[in-house]
A.B. asks: 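Have a look at this one before I ask anything.
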Amino acid sequence: MAMAMAALRREGRRVLLNTPSPAATMAALSRAASQSQIAPLGARSISTQIVRNRMKSVKNIQKITKAMKMVAASKLRAVQTRTENSRGLWQPFTALLGDAPSVNVKKNVIVAITSDKGLCGGINSTSVKVSKALQKMTSEKESKYVILGEKGKVQLIRDSRKHIEMTVSELQKNPINYTQVAVLADDILKNVEYDAIRVVFNKFQSVISFRPTLATILSPEVMEKESESGGKVGQLDSYEIEGGETKSEILQNLTEFQFSCVMYNAVLENACSELGARMSAMDSSSRNAGEMLDRLTLTYNRTRQASITTELTEIISGASALEG
């Protein structure tokens with residue numbers, strides 16, 4: 001009996017030793033309560049944090065689009081002046097040698113002028129569509145592409161790889177000048193056989209407007225045939241030829257010079273249209289970013305207000321429970 005009582009006393013002491021004190025119990029309860037409060041607060045703060053991060057991203061994008069618009073505007077002023085001056089260089093050739101886009105020849109070369117960079121609206125798609133339409137119209141004949149610009153190359157290489165004769169990129173890496181374009185035009189004439197060269201480009205009209213344009217340059221042989229058959233190929237026949245050069249030699253020189261002048265104007269016109277389209281696209285992007293930022297700000301304020309309201313409700317409910 002005495003041994004049983006001693007064992008009971010020992011077990012009682014163990015129970016008393018393992019039982020937490022009231023202070024420890026209250027501390028554990030307070031920790032649990034704080035953890036239960038942190039979890040919903042954490043969940044609410046995550047939603048506002050996501051919206052805040054999104055607002056920051058949109059602000060950064062808006063800064064980039066505004067900067068790109070300013071850069072395009074500063075470049076446009078210089079290019080526009082040279083473009084307007086270049087128009088007087090090739091227009092006399094149109095009057096002298098004519099422009100016959102409907103001429104029917106065997107060997108057609110389509111020079112598609114596009115840009116190397118994107119974010120400029122639909123000017124590249126427009127040039128590619130016109131070039132494809134020309135290729136379909138002359139599909140019964142021999143048609144080849146000469147592509148200027150990386151964007152046109154990417155689009156045309158998908159379904160017209162076998163028709164691409166020559167590609168040129170990074171033409172606008174440096175400021176465009178006539179010498180650079182004349183060397184390129186001479187390289188095209190030496191490496192491509194043609195009866196008619198059709199240059200497709202976007203003619204600059206205003207910052208928000210451009211027009212797809214086609215310029216046709218005939219070979220000297222085709223021009224002579226058209227002239228002999230009574231076709232309208234300009235006013236060259238109304239002039240008298242003096243000196244030792246024949247009409248064929250004069251036509252050869254004039255055709256080469258005409259092509260270089262048309263190419264120079266076309267490249268400048270397309271560059272001007274590209275910068276104008278980029279200005280418009282970046283302006284629209286900046287406005288869209290501002291509208292998105294307004295919507296995100298409203299969402300953030302609503303989420304934050306809902307979080308504050310929920311916290312106040314919980315505090316009032318807890319105070320009422322304690323008083324009750």
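Residues: numbered from 1 along the sequence shown.
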A.B. asks: Can you measure from CZ (Phe201) to CG (Leu268) and round to the nearest 0.5 angstrom?
C.D. replies: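 Between Phe201 CZ and Leu268 CG, I get 10.5 Å after rounding to 0.5 Å.
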A.B. asks: Can any side-chain N or O of Asn124 pair as donor or acceptor with the backbone N or O of Ser115 at less than 3.5 Å?
C.D. replies: yes
A.B. asks: Closer than 3.5 angstrom, by distance alone: can the side chain of Thr114 be matched with the main-chain N or O of Ala112 as a donor-acceptor pair?
C.D. replies: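 No; judged by distance alone, with no hydrogens or angles, the pair does not exist.
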A.B. asks: Go through it in stages, so that I can follow the logic: the residues are Ile164 and Lys153, the test is side-chain contact (heavy atoms from CB on, under 4.5 Å), and I'd like the CA-CA distance, side-chain angles, deciding distance and then a yes or no.
C.D. replies: CA-CA 9 Å; Ile164 297 176; Lys153 174 185 173 183; 5.6 Å; no
A.B. asks: I need the minimum non-hydrogen distance between Thr65 and Ser285, along with the two atoms involved.
C.D. replies: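 Looking at all heavy atoms of both residues, the shortest contact is CG2-CB, 3.8 Å.
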A.B. asks: Test Ser143 against His163 for side-chain contact (heavy atoms from CB on, under 4.5 Å), laying out the working first.
C.D. replies: CA-CA 7 Å; Ser143 299; His163 298 293; 5.5 Å; no
A.B. asks: Measure the shortest side-chain to side-chain distance between Lys117 and Arg278 over non-hydrogen atoms and say whether it is less than 4.5 angstrom.
C.D. replies: yes
A.B. asks: Applying the 4.5 Å side-chain criterion to the ILVMFWY set and letting contacts propagate, would Tyr145 and Ile217 be lumped into a single cluster?
C.D. replies: no
A.B. asks: Rounded to the nearest 0.5 Å, what separation is found between the CD atom of Gln80 and the OG atom of Ser206?
C.D. replies: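 Separation between the atoms: 9.5 Å.
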A.B. asks: Do the side chains of Ile61 and Met55 join up, straight or via other hydrophobic residues, at under 4.5 Å, putting them in one cluster?
C.D. replies: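 Different hydrophobic clusters.
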A.B. asks: Write down the atom of Cys120, the atom of Glu274, and the distance for their closest heavy-atom approach.
C.D. replies: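 Shortest heavy-atom contact: CB-O, 3.7 Å.
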A.B. asks: Any side-chain donor-acceptor pair under 3.5 Å between Asn53 and Gln49?
C.D. replies: yes
A.B. asks: Are Ile147 and Leu214 connected, step by step, through hydrophobic side chains (Ile, Leu, Val, Met, Phe, Trp, Tyr) whose heavy atoms are closer than 4.5 Å?
C.D. replies: yes
A.B. asks: Can Asn288 and Glu291 be said to form a side-chain contact (heavy atoms from CB on, under 4.5 Å), step by step?
C.D. replies: CA-CA 5 Å; Asn288 292 338; Glu291 294 174 1; 4.1 Å; yes
A.B. asks: Measure the CD-CE distance between Gln258 and Met263 for me, rounded to the nearest 0.5 Å.
C.D. replies: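 Going from CD on Gln258 over to CE on Met263, the span is 12.5 Å.
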A.B. asks: Do any side-chain atoms of residues 172-189 form donor-acceptor pairs under 3.5 angstrom with protein atoms, and if so which ones, sequence neighbours left out?
C.D. replies:
| from | atom 1 | to | atom 2 | distance (Å) |
| --- | --- | --- | --- | --- |
| Asn177 | OD1 | Thr179 | N | 3.3 |
| Asn177 | OD1 | Gln180 | N | 2.7 |
| Tyr178 | OH | Ser260 | OG | 2.8 |
| Gln180 | NE2 | Leu171 | O | 3.0 |
| Asp186 | OD2 | Lys190 | NZ | 3.2 |
| Asp187 | OD1 | Asn191 | ND2 | 2.5 |

A.B. asks: Set out, in order, the CA-CA distance, both residues' side-chain angles and the distance that settles salt bridge (Lys or Arg N to Asp or Glu O under 4.0 Å) for Lys141 and Asp195, then state yes or no.
C.D. replies: CA-CA 11 Å; Lys141 311 293 182 180; Asp195 290 329; over 6 Å; no
A.B. asks: Grab the two heavy atoms, one from Pro212 and one from Thr126, that are nearest each other, plus how far apart they are.
C.D. replies: CG-CG2, 3.2 Å
A.B. asks: Is the backbone of Phe210 close enough, under 3.5 Å, to the side chain of Asn202 for a donor and an acceptor to pair up by distance?
C.D. replies: no
A.B. asks: Among pairs that include at least one residue of residues 257-273, which meet salt bridge (Lys or Arg N to Asp or Glu O under 4.0 Å), considering only residues two or more places apart or in two chains?
C.D. replies: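 Listed by first then second residue: Arg87-Glu269.
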A.B. asks: For residues Met279 and Ala73, report the shortest heavy-atom separation together with the two atoms involved.
C.D. replies: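 Heavy atoms only, the tightest pair is SD-CA, 3.5 Å.
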A.B. asks: Check whether Asp116 reaches the backbone of Ser169 with its side chain - one donor and one acceptor, N or O, closer than 3.5 Å.
C.D. replies: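 Judged by distance alone, no pair lies under 3.5 Å.
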A.B. asks: Would a single hydrophobic cluster contain both Val105 and Met223, if residues Ile, Leu, Val, Met, Phe, Trp and Tyr are joined by side-chain heavy-atom contacts under 4.5 Å?
C.D. replies: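 Cluster IDs for Met223 and Val105 match.
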A.B. asks: Enter the distance from Arg198:CZ to Leu218:CG here, rounded to the nearest 0.5 Å.
C.D. replies: 8.0 Å
A.B. asks: To the nearest 0.5 Å, tell me how far Gln305 CD sits from Thr48 OG1.
C.D. replies: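 Going from the CD atom of Gln305 to the OG1 atom of Thr48 covers 13.0 Å.
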A.B. asks: In the structure I gave you, are the side-chain heavy atoms of Lys132 and Leu156 within less than 4.5 Å of one another anywhere?
C.D. replies: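 The answer is yes, as the side chains (C-beta and beyond) meet within the 4.5 Å cut-off.
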A.B. asks: Measuring from atom CG of Asn108 to atom NZ of Lys144, what distance do you get when rounded to the nearest 0.5 angstrom?
C.D. replies: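 Going from CG on Asn108 over to NZ on Lys144, the span is 12.0 Å.
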A.B. asks: Counting only N and O atoms by type, is there a donor-acceptor contact under 3.5 Å from the side chain of Asn265 to the main-chain atoms of Cys261?
C.D. replies: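 Absent.
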A.B. asks: Ser86 side chain to Thr83 main-chain N or O, any donor-acceptor pair under 3.5 Å?
C.D. replies: yes
A.B. asks: Considering residues, nucleotides and ligands other than Ile208, do more than 12 of their heavy atoms fall under 6.0 Å from its CD1?
C.D. replies: no
A.B. asks: For Arg82, does the CZ atom sit with more than 12 other heavy atoms under 6.0 Å from it, leaving out its own atoms?
C.D. replies: yes
A.B. asks: With sequence neighbours excluded, give me every salt bridge (Lys or Arg N to Asp or Glu O under 4.0 Å) pair touching residues 64-76.
C.D. replies: Lys69-Asp283
A.B. asks: side-chain contact (heavy atoms from CB on, under 4.5 Å) between Ser127 and Asn270: does it pass, once the steps are laid out?
C.D. replies: CA-CA 10 Å; Ser127 296; Asn270 201 80; 4.2 Å; yes
A.B. asks: Hydrophobic clusters here meaning ILVMFWY residues chained together by side-chain heavy-atom distances under 4.5 Å, can you tell me if Val200 and Val192 are in one?
C.D. replies: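 No, Val200 and Val192 fall in different hydrophobic clusters.
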A.B. asks: If the test is side chain to side chain contact (heavy atoms under 4.5 Å, CB included), which one of Ile197, Ile110, Val111 qualifies with Val146?
C.D. replies: Val111
A.B. asks: If you compare all heavy atoms of Ala281 against all heavy atoms of Leu119, which two are closest, and at what distance to 0.1 Å?
C.D. replies: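 Reported closest heavy-atom pair: CB-O, 4.1 Å.
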A.B. asks: Give me the atom names and distance for the closest heavy-atom approach of Gln252 to Pro220.
C.D. replies: OE1-CG, 3.2 Å
